[in-house]
**Q** 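Sharing a structure, written as structure tokens. Questions coming.
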Amino acid sequence: MSAASYDPPLAGVRILDMSSGPMTAVGRLFADLGAHVTVLRLAGVPGHPPVGPHIDGVPVATAIDRHGMPAVEIDLWTAVGQEQFSRLLAGADILIEDTQPGSPAESALSVRDVRAAHPQLVILSISDFGRDTEYRTWQATGPVLHALAGELSRSGVPGREPLTPPAELPYQVAAAQAAVMTLSLFLDRLRTGEGDMIDFSVLDGAMQTLDPPFGTAGSASVGVAVSAQQRDWNAERQRYPIFACKDGHVRICVLSTRQWHGMFEWMGRPEEFADPSYAKLGKRFRSPHLLDAIGRFCADKTRAELEAQGQAHGVPAAAVLTLSEALNADHFTARGFFRDVELAPGVVAPVPLGVSEIDGHRASALAAAGEPPAIRRLDAAPLLAGRDRRGEGRPLEGIRVLDLGVIVVGADTGRLFGDLGADVVKIEHSAHPDGLRIGKPTVMTQPFAAGHRNKRSIGIDLRSPEGRALAHRLVAQSDVVLTNYKPGVADSLGMDYATLRQINPEIVVVDSSAFGPTGPWAKRLGYGPLVRSAVGFTNLWVYPDDTETFCDTVTVYPDHVAARIGTLTALALLLRRERTGSGGAASISQAEVMLSHLAADIAADALQRGGHVRTDEPRTDLPWGSFPADGDDTWVTVSVRDDADRRALADVIGFTDEGGRALVDALATWTSQRSRTEAMDLLQAAGVPAGAVLHAHDIPGWGYYQQRRAFREELHPHGPAPFMLENVQVHCDHVADPPLGQAPLLGEQTSEIATELLGLDPDQIDDLHRRGVLETPQAQSAALP
């Protein structure tokens, strides 16, 4: 589709953005999808500091997030300012604000009064720890959020201090979560006329969206929840191992039986591993010699040779690239993902464009030329307004989603729709089961329960013409289709957008893949760890003094956040459908989602190499990192941002020496004499950002998460014990907690869906079961003698 014919999905949506600091990333997401975002500042009311790196005095991250957005400043202490503010609010659909709880700015804005005066407005109220708990005035930084979300306890080498991941990931992923929840409420407002206010906590968003301790885990977890995995460095390395080779390192993932067979052939069928039991993942993980053998096999080959040979044998492999090597790869050039942008006069840097491709067009306000088209404000939802609703208080009731997704991205994208009230129908088949279905077909694991709750499952063989015809009949009755196959697979199954739009012109199709649908790497076998390696992220996730001990093996990033981007884009296309009557297609590249999180670092590096000067070099005299607490492998993270934090810290620990390094040493001594939570509480009470490094099993019992109703235990009839699952996804007046729909076994609702949606009678359903077009494996298993 040409740029001239591209219709940005959020065109006509008007947003007032009062946020500052790292959460300006929310406004960037909306702007890239076509919304008109106006930056609003209150005179005399300081916001959060702009976000660097600072180059020639320009805060690069803030400059990227705010590029191209008009700005208005008003004085709320004058009658003229109040009248101007009221007019702006009356003309807006969404208000974003992030005043600090308990601050003069919060009082000046009085967001609850704004809500009462403008009930049609959807308000996203952002704070580090929410506005409804006793932790509301606590202070956060990226490392503190990592610690309290549980990620930090799994990052790094045992025996050393936890390793903070690169980039400002907690804020980046939380921004995606905030955008999803806001847009879902706005879509509902168009149906009901009633707005709402979201009390959004950055910590909640980071915990749920980066590497959730009770969320969906990757295939290599073999069905074991993150919360139940022991900290074992050797086991962690085995999940997604990295091997030294002739010119660097390569990551090789051998997870499925098919991939093991390819690896075995590629290695020349070594007798030592010829036993058929090596086809089982557990056997390979327990082998004391297999990793060493693969390491010797890789040692004399280059990264490029291993990548090419691995792909030829069906073995997922990716070179561990530096960020510079990744940025110069032909793949990203071919996809046009970077564009030079003037962030300030004379400050021009390459910036990643938007992370959604919509109707074949890169959805990015950074790439837009000229003024946006004049599109009337969207004030109703004519297509969805008449849909039946269950009256359960969830914004996506009445919407039907067909979920063909697999593993983590597929699980979470559909699950978000289900948690928000949509009817999600998962189409699957035992011939190609979802990689999250580990073990017997009649057994449920915690990762699958977490990722597929609030869905129904129908077993359809899409390889057969009859199966595809049944799936197409479901498409005719649906709003959204979700896939994350390797590019080309959906086409072969007749589930691509070009085919589906002929069946239902209103359908929205969103696909997610490792590297996107086009470009030299499009058809690469890809998992999240391979993507991290290929885009330079793995190479960044290291200790400065140990650059070959890669520490990103413990995370599922970017799968969970890529799922949010897919959900956000689907919601945006549903909004456009209300305006145009037509559906649309979107593609999400996990690699590009990840690179977008490094945008500020990429731009700053390019500017420095071009002769520009960094003007905010980090201070080495301020404590910043993880410090030992009382107990074995127990830590507390402390971030001293400025001299005010330094003075507050010194008062708490009784420090009087002015020497910089002496303060760091004194803090380490002080923390080592206290529990991690005592040290955290004392420092936070003084306004110093601090966070106990929580392990997954600690998280549900911590007072903050209890007050936010973040988790709940659920019994599952096919599970070994109650599962701990996430609970509240969005805190606002009109939205109920997620339903209690338990994750289905494969094909558990096949007959129900075939009757309800396909109109088949029992004889027809039985016949289709006998011929393998439909299946209900757990019923068949139960019938065996």
Side-chain angles (χ1 to χ4, degrees), residues 19-25 27-29 31-32 37 39 41 46-71 141-143 164-169 171-172 175 321-333 335-355 362 364-369 535-537 539-542 544 547 591-622 624 639 641-643:
S19 68
S20 54
M23 290 303 285
T24 54
R28 177 82 272 151
L29 289 170
D32 283 342
V37 181
V39 178
R41 304 188 183 100
H48 302 283
V51 182
H54 289 68
I55 304 295
D56 293 349
V58 176
V60 173
T62 298
I64 292 172
D65 285 345
R66 292 309 195 199
H67 183 76
M69 297 179 185
T141 61
T164 302
E168 290 288 348
L169 290 184
Y171 296 102
Q172 295 287 350
L321 300 180
T322 66
L323 182 58
S324 177
E325 288 173 328
L327 297 180
N328 289 309
D330 291 342
H331 178 76
F332 298 110
T333 301
R335 286 183 53 73
F337 185 53
F338 291 91
R339 176 167 297 189
D340 284 342
V341 174
E342 189 171 36
L343 301 176
V347 181
V348 179
V351 175
L353 301 183
V355 290
R362 178 71 64 180
S364 174
L366 295 171
V535 303
F537 217 89
N539 191 68
L540 294 172
W541 201 324
V542 295
T547 57
E592 291 168 1
V593 169
M594 195 177 300
L595 286 173
S596 75
H597 296 161
L598 293 168
D601 296 316
I602 292 168
D605 180 67
L607 288 167
Q608 287 180 276
R609 285 188 283 105
H612 295 266
V613 178
R614 179 162 181 169
T615 52
D616 69 339
E617 289 295 341
R619 290 176 57 177
T620 58
D621 61 328
L622 300 179
W624 188 282
S639 302
R641 300 163 295 187
D642 51 30
D643 286 329

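Side chains included, hydrogens not; waters and symmetry mates left out as well; all remaining heavy atoms used.
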**Q** For residues A326 and G536, report the shortest heavy-atom separation together with the two atoms involved.
**A** CB-N, 4.1 Å
**Q** Going by salt bridge (charged side-chain N to carboxylate O under 4.0 Å, His left out), name the pairs with one or both residues in residues 46-55, residues two or more places apart or in two chains.
**A** none
**Q** So, taking the atom named CD1 in I55 and the one named NE2 in H612, what distance separates them when rounded to the nearest 0.5 Å?
**A** 9.0 Å
**Q** Under the rule for side-chain contact (heavy atoms from CB on, under 4.5 Å), what residues qualify as partners of P22, not counting sequence neighbours?
**A** V51, Y171
**Q** Can you tell me how far apart CG (L622) and CG (D642) are? Round to the nearest 0.5 Å.
**A** 7.5 Å
**Q** List the residues meeting side chain to side chain donor-acceptor pair (under 3.5 Å) with Q172, not counting sequence neighbours, and say none if there are none.
**A** none
**Q** Listing request: all salt bridge (charged side-chain N to carboxylate O under 4.0 Å, His left out) pairs with a residue in residues 344-354, at least two apart in sequence or in separate chains.
**A** none
**Q** Go through the structure and list residues passing salt bridge (charged side-chain N to carboxylate O under 4.0 Å, His left out) with R28, not counting sequence neighbours.
**A** D32
**Q** Can you name the ring pair (Phe, Tyr, Trp, His ring centres under 6.0 Å) partners of F337, sequence neighbours left out?
**A** none
**Q** Which residues satisfy the side-chain contact (heavy atoms from CB on, under 4.5 Å) test with S324, sequence neighbours excluded?
**A** T322, N328
**Q** Please tabulate, for side-chain N and O atoms in residues 601-611, each donor-acceptor pair with protein atoms closer than 3.5 Å (sequence neighbours left out).
**A**
unit_1 : atom_1 : unit_2 : atom_2 : d
D605   : OD2    : R609   : NE     : 2.9
D605   : OD2    : R609   : NH2    : 3.3

**Q** Using the test salt bridge (charged side-chain N to carboxylate O under 4.0 Å, His left out), find all partners of D643 that sit at least two apart in sequence or belong to another chain.
**A** R619
**Q** Please list all pairs meeting salt bridge (charged side-chain N to carboxylate O under 4.0 Å, His left out) that have one or both residues in residues 49-71, counting only residues at least two apart or in different chains.
**A** D17-R66
**Q** Output the distance between atom CG (L321) and atom CG (N539), rounded to the nearest 0.5 Å.
**A** 8.5 Å
**Q** Just jot down the salt bridge (charged side-chain N to carboxylate O under 4.0 Å, His left out) partners of D616, sequence neighbours excluded, or say none.
**A** R614
**Q** Sequence neighbours excluded, which residues qualify as side-chain contact (heavy atoms from CB on, under 4.5 Å) partners of E342?
**A** V348
**Q** For the atom pair OG1 (T141) and CH2 (W624), what is the distance rounded to the nearest 0.5 Å?
**A** 4.5 Å
